[in-house]
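Just the heavy atoms: all of them, side chains too, but no hydrogens, waters or symmetry mates, feed the values below.
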Amino acid sequence: MLSFLSGLLFAIAEFIFAIYSHSQSALTDAVYDASELVFIALLLFLTPLFHKPVSEKHPYGYFQVESIFVIIKSVMMLSVTMGVSAEVLDSALSGGNIVNNAQVSIFQCCLGVASIIIFLIMKRLNRNLSSPTIEAELLGWKLDIVYSMGMALAFLVSLYLKKTPLGFISPYFDQIVAVVVMVFMLPESIKVLWRAVKDVFLFSPNKVYMDEVKAICNPILDEYNFNPVFFDITKTGRHLWIAVYFRIEATSLEVASLSSAVSKVNKIMKEKFQECTCELILVP
């Protein structure tokens with residue numbers, strides 16, 4: 001809700017300023033924020049789904065819904081980036097666009113300061129949660145901070161371009177900044193998209209997750225004389241599913257020992273990953 005209301009105010013302010021100043025870089029920012037609002041509005045209504053329990057019909061619950069929406073958001077942002085980039089390049093090829101650089105610099109600096117405040121508040125409120133949606137939102141605000149402060153600095157520097165041999169760049173500076181910022185945003189957007197795709201197709205999480213899980217499980221397995229054979233680790237949305245297949249040297253296994261080991265490993269895992277289910281499976 002905080003992200004939605006803040007983004008709404010930002011989008012309105014940016015659209016008004018873009019119309020007033022004819023700045024395409026400000027318009028680019030406004031389009032980004034407006035696109036994100038659609039995604040956040042949907043999440044406000046669908047978030048309760050993520051907390052529904054697992055059932056026979058939905059063995060992974062509704063955690064996948066979150067990943068699907070992150071994919072939709074990422075694809076939407078990439079599409080917007082490509083569309084706005086084409087528009088900006090067309091404007092640049094048509095002779096550029098002269099704007100009041102001092103005005104744009106001050107406006108972007110104000111947005112940057114406001115973004116920092118909102119980012120810090122959101123990070124503090126969500127410090128005890130683990131969610132790809134929250135991570136995506138925090139990343140979005142982080143990019144907004146870099147974008148706004150970078151724009152403010154760039155337009156401040158551009159005030160002195162007219163007095164240098166690079167003065168001919170001045171009419172194109174607004175478009176150049178917009179394109180450069182979008183190019184730098186692309187890798188992060190693609191990274192978030194790829195993580196969500198991996199979650200939807202139940203790919204194994206990255207090596208960091210794998211190593212952390214093994215570092216927690218192996219000492220507990222050793223304590224009960226369980227020999228690990230295979231770690232089946234899947235991440236769906238914010239939830240981590242772990243199945244550890246193991247063998248024993250003895251000819252029999254006490255149910256109490258297995259139950260104790262499962263309880264112990266789940267307790268530690270939930271302290272580490274918050275949303276986590278771990279099971280130990282005996283291999284004959």
Side-chain angles (χ1 to χ4, degrees), residues 43 46-72 74 123 126-139 188 190-284:
L43 280 179
L46 294 172
T47 295
L49 276 179
F50 307 153
H51 302 281
K52 284 196 172 183
V54 173
S55 64
E56 287 186 1
K57 188 176 181 181
H58 301 284
Y60 287 102
Y62 291 85
F63 296 113
Q64 292 285 52
V65 175
E66 189 169 15
S67 298
I68 290 169
F69 272 93
V70 171
I71 290 174
I72 294 171
S74 300
K123 195 169 183 180
N126 297 295
R127 64 187 181 277
N128 295 323
L129 297 176
S130 176
S131 160
T133 302
I134 293 172
E135 288 173 8
E137 283 306 305
L138 288 173
L139 172 62
E188 286 296 337
I190 292 171
K191 195 184 297 181
V192 171
L193 173 60
W194 176 237
R195 278 204 304 264
V197 168
K198 285 174 67 178
D199 288 353
V200 166
F201 286 96
L202 304 180
F203 292 169
S204 295
N206 59 44
K207 191 174 182 300
V208 174
Y209 267 103
M210 300 287 283
D211 291 342
E212 285 182 336
V213 168
K214 290 179 180 179
I216 293 171
C217 288
N218 284 332
I220 298 173
L221 295 173
D222 289 341
E223 182 182 338
Y224 290 87
N225 296 316
F226 296 167
N227 302 316
V229 175
F230 175 68
F231 285 82
D232 182 8
I233 305 173
T234 302
K235 189 170 181 291
T236 57
R238 70 185 70 188
H239 201 90
L240 197 64
W241 306 86
I242 303 165
V244 183
Y245 294 84
F246 69 95
R247 285 194 176 101
I248 56 173
E249 295 179 0
T251 55
S252 62
L253 173 65
E254 289 186 6
V255 174
S257 295
L258 179 59
S259 178
S260 174
V262 170
S263 298
K264 185 175 289 188
V265 77
N266 269 287
K267 180 182 178 183
I268 298 175
M269 284 295 181
K270 286 180 179 178
E271 289 174 357
K272 179 67 178 179
F273 299 108
Q274 291 149 22
E275 293 283 350
C276 180
T277 301
C278 183
E279 55 183 355
L280 304 180
I281 303 171
L282 176 63
V283 178

S.K.: Using 0.5 Å steps for rounding, measure from the CD1 atom of I220 to the OG atom of S263.
M.R.: 10.5 Å
S.K.: Write down the atom of A261, the atom of L280, and the distance for their closest heavy-atom approach.
M.R.: CB-CD1, 3.7 Å
S.K.: Could you tell me which residues satisfy side-chain contact (heavy atoms from CB on, under 4.5 Å) with N218, sequence neighbours excluded, listed by chain and number?
M.R.: K214, L221, P228, F231
S.K.: For the residue pair I248 and S252, what are the closest heavy atoms and their distance?
M.R.: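 Here I248 and S252 meet closest at CD1-O, 3.5 Å.
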S.K.: Rounded to the nearest 0.5 Å, how far does CE of M210 lie from CD1 of I242?
M.R.: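 Rounded to the nearest 0.5 Å, the CD1-CE separation comes out at 10.0 Å.
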S.K.: Using the test side-chain hydrogen bond (donor to acceptor under 3.5 Å, both in side chains), find all partners of S259 that sit at least two apart in sequence or belong to another chain.
M.R.: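 For S259 there are no side-chain hydrogen bond (donor to acceptor under 3.5 Å, both in side chains) partners, ignoring immediate neighbours.
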S.K.: So which of N227, N225, I281, L258 actually passes side chain to side chain contact (heavy atoms under 4.5 Å, CB included) with F246?
M.R.: L258
S.K.: Please list all pairs meeting salt bridge (Lys or Arg N to Asp or Glu O under 4.0 Å) that have one or both residues in residues 250-265, counting only residues at least two apart or in different chains.
M.R.: E223-K264
S.K.: For C217 and M269, run side-chain contact (heavy atoms from CB on, under 4.5 Å): C-alpha distance rounded to whole Å, both residues' side-chain angles, the deciding distance at 0.1 Å, then the answer.
M.R.: CA-CA 9 Å; C217 288; M269 284 295 181; 3.2 Å; yes
S.K.: For the OG atom of S260 and the OH atom of Y224, what is their distance to the nearest 0.5 Å?
M.R.: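 Answer for the OG-OH pair, S260 versus Y224, is 2.5 Å.
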S.K.: Starting at NZ of K267, measure out to CD1 of I216 and round the result to the nearest 0.5 Å.
M.R.: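 Reported value, rounded in 0.5 Å steps: 13.5 Å.
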S.K.: Should the ring pair Y245 and F230 be called parallel, tilted or perpendicular, given that the plane angle runs from 0 to 90° and is split at 30 and 60?
M.R.: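 Plane angle between 30° and 60°, so tilted.
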S.K.: Taking all non-hydrogen atoms of both residues into account, name the closest pair between V265 and C278 and its distance.
M.R.: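 Shortest heavy-atom separation between V265 and C278 comes out as CG1-SG, 3.8 Å.
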